[in-house]
Structure formats: C-alpha cells, structure tokens
Amino acid sequence: STGNEVTKPESYDVEYLTPVSIGTPGQVLHLDIDTGSSDLWVFSSETPSNLVNGQSLYEPAKSSTAQKLEGYTWKISYGDGSSSSGVVYRDSVTLGGLTVSSQAVEAATQVSEEFTSDSNNDGLLGLGFGSLNTVQPKGQKTWFENIMQELDSPIFTADLKAGEPGTYNFGYIDKNAHIGNISYVSVNDSNGYWTWTSPGYAIGTGALVSTQIMGIADTGTTLLLLPSTIVVMYYAQIPGALYDATQGAYTLPCSPTPPDFSFAVGDDGQVITIPGEYILYAAITSIGTMCFGGIQADSGIGFSIFGDVALKAAFVVFDGGKKRLGWASK
Ligand SMILES: O=C(CCCl)NNC1=[NH+]CCN1
C-alpha cells in the first residue's frame, strides 16, 4: 500500500500541521509530524481545560475502538524546552489513508505553555525511531514502524515548502516531486534520531568547504542549527548581521536578501541549496528592519539539526528499511 497527505505551514513556517484521524468514528486532529521525536501524543478530554486554548481534543470515551493501557504513562521534553506528559490508549490511527488499527495514542494530562499557546497544534506524531519513545513501563512503536511492513516500500518522504502546503508520502517516491538524482546517505539510529553526516557546506557562490557536519533530519525543529564556527562564517558575510545577546540569536537586516547556504550530501557532489530568503526567518518588530536568522548555532545540543529551514529546500526520503536518508533538490 501507499499513502499521502498534505501538510500546512503555520505562520512563519514555524511548524507544519497534518490531519490525522484517530478512533472510531474518526476524530480528526491536526498534528505536527516530527521526525525528531517518537511519541504520538494529543490534546485530549484528559487535558485540564485551563491548559487547552482552541485545540481539538481526542476523546477516547467517544471511540468504540479505544483501549486504555492501565498503568502506562509518558513524559517528553523537546529541544526547544517544551514538554508534555500523560496516559496511554491504544486506538486506530489513519494518516494519508493508511490505518494502524492498534497504535499507542498518548493522551496529554499536562502540556507546557508553548503547546497551550499554539492553538492550531493538537499534538505531535513522532516519526523518529521507537527507541526514543517515552512510554513507561514499555516503549511503544511509532505509527511508521507499525505501518512499514504494509507499505510497498519501507519509506516515507517529506516535501515541505516555504509558505505553502507540502506533502508527506508513504511507501513510494513521487518522481515529479524532485529534480535530478536522490543522493542517499547512511543513518546512524543509535540515538533514535535520523542522524547523518554532511561532508561540507558553501556560503553563497563560494567554494565548498569540506568538513563533517553530523546532524539530524528533524521536521519538528523550525530552524537550521549548525556548528557555531559555520554560523559565524555565514553571518560575517552579511553587513549589519549581529549576535543579539538579548534574543540569544543571530539577527540580520531584512534587506537585501542574504547569501544562499548550501550543504553537501553524499560523495557524488550533490548539494542542497537553501535560498537566502529562507534565512530571513521573521522580522523582529521591535527593531523594525532587523530579521531573526533562519540559521542559528547548535551549541549545547551535541549535534546539528537540519530543521524546516533546510528541509523545505529539499525532497527528503526517510528510508526505514535501509536506515538511510535520501536528499534531492526540487
Ligand atoms: O525535540 C526536537 C529536537 C531533538 Cl534534538 N525535535 N522535535 C521537536 N518537536 C517539538 C519541538 N522540537
């Protein structure tokens, strides 16, 4: 089988939300598909009402196929400091027309302020590796791990776009969605993430700098987080760019368009080029002409994060069968 679903950007492409049907009859929630985590959790009838602010709720009591996993709990925190926790059900979950009849659905009984204030986001659907799942006393498989053997090919692809809807495909590669070859690189899943190593980068029209950048392909992180040395080099090319200690981030003039940023993939010379305009992430209203940089330092994380700023410049194959990533331009 194969499937596909449209995913829509929230403002500033901060995240992409995808409709997912849970339970019988189906309750449609809009979830953040997140290759940087491995829990499927949702706002629910068990989420205290003071923590709910417009989100749609999963109501297990209204689903004839919901089963409570008595004594099971979960608790997760993300790279941006947000967090949530709760209890666990098993229920039917359909994404892109593909149904897992017995998926662990984690109902939130606690969510942090970042989630409460994000009214359109009804929860997350993790597509990282199951080893990262936080359910106790027994870790649960992701939706993709559960559907994988039904798929024509054990893969899914992410085709995120700047300021417009993109697509997640399951089980097949849409040749019309990418330009030129797909370059594959091996993934080390030992930390549960889609971890890979880029062999280098280029700034603007400059020559490729050969250096290994180890990072994760993470649809759930908004920006591109790279080693500080590379980030300093990039912003040094931009008059007026500066590290704003108040924001704890690099900022740059919103005009003119800054240089493109390219990263290499594989040993066949393939590069993915991020248009400079993607690096003008958002205007910092209080300062007026200054913008928040779409490239920031990965300091303190231990690896880089190829988040949406990078992913929306590429067609990306997440190959669960061969544990590899495929990157192509589009
Ligand atoms: O937590 C991370 C980074 C892992 Cl190193 N990505 N996924 C995510 N989901 C919500 C915010 N960020």
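Just so it is clear, the values below take in all heavy atoms, side chains as well, and ignore hydrogens, waters and symmetry mates. We're numbering straight along the sequence, starting at 1. Read the numbers this way: they start at 1 and go in the same order the structure lists the ligands and their atoms.
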Asks: Clusters formed by hydrophobic residues whose side-chain heavy atoms approach within less than 4.5 Å: which one holds V88, and what are its other members?
Replies: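 Under the 4.5 Å side-chain rule, V88 groups with W41, F43, L51, V52, L57, L69, Y72, W74, I76, Y78, V111, F115, L124, V135.
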Asks: Among V316, T35, L127, find the one that has a side chain to side chain contact (heavy atoms under 4.5 Å, CB included) with T219.
Replies: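 It is T35, the one option of V316, T35, L127 that forms the side chain to side chain contact (heavy atoms under 4.5 Å, CB included) with T219.
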Asks: Check each protein residue for a heavy atom under 4.0 Å from ligand 1 and list those that pass, ordered by chain and number.
Replies: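 Near ligand 1, by chain and number: D34, G36, Y78, G79, D80, L124, Y193, I216, D218, G220, T221, F303, I305.
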Asks: If you link ILVMFWY side chains whenever their heavy atoms are less than 4.5 Å apart, which other residues fall into the same cluster as F315? By chain and number, please.
Replies: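 Once heavy-atom contacts under 4.5 Å are chained together, F315 belongs with I155, I173, I182, Y184, V317.
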Asks: Going by side-chain hydrogen bond (donor to acceptor under 3.5 Å, both in side chains), name the pairs with one or both residues in residues 95-105, residues two or more places apart or in two chains.
Replies: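 Checked against side-chain hydrogen bond (donor to acceptor under 3.5 Å, both in side chains) - neighbours excluded - the pairs reaching residues 95-105 are T94-T99, Q103-N146.
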Asks: Relative to the ring of W194, is the ring of F129 parallel (under 30°), tilted (30 to 60°) or perpendicular (over 60°)?
Replies: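 Ring orientation of F129 relative to W194: tilted.
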Asks: Without swapping roles, check the side chain of D260 against the backbone of G204 for a donor-acceptor pair under 3.5 Å.
Replies: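 Flag not set: sc D260 to bb G204 has no pair under 3.5 Å.
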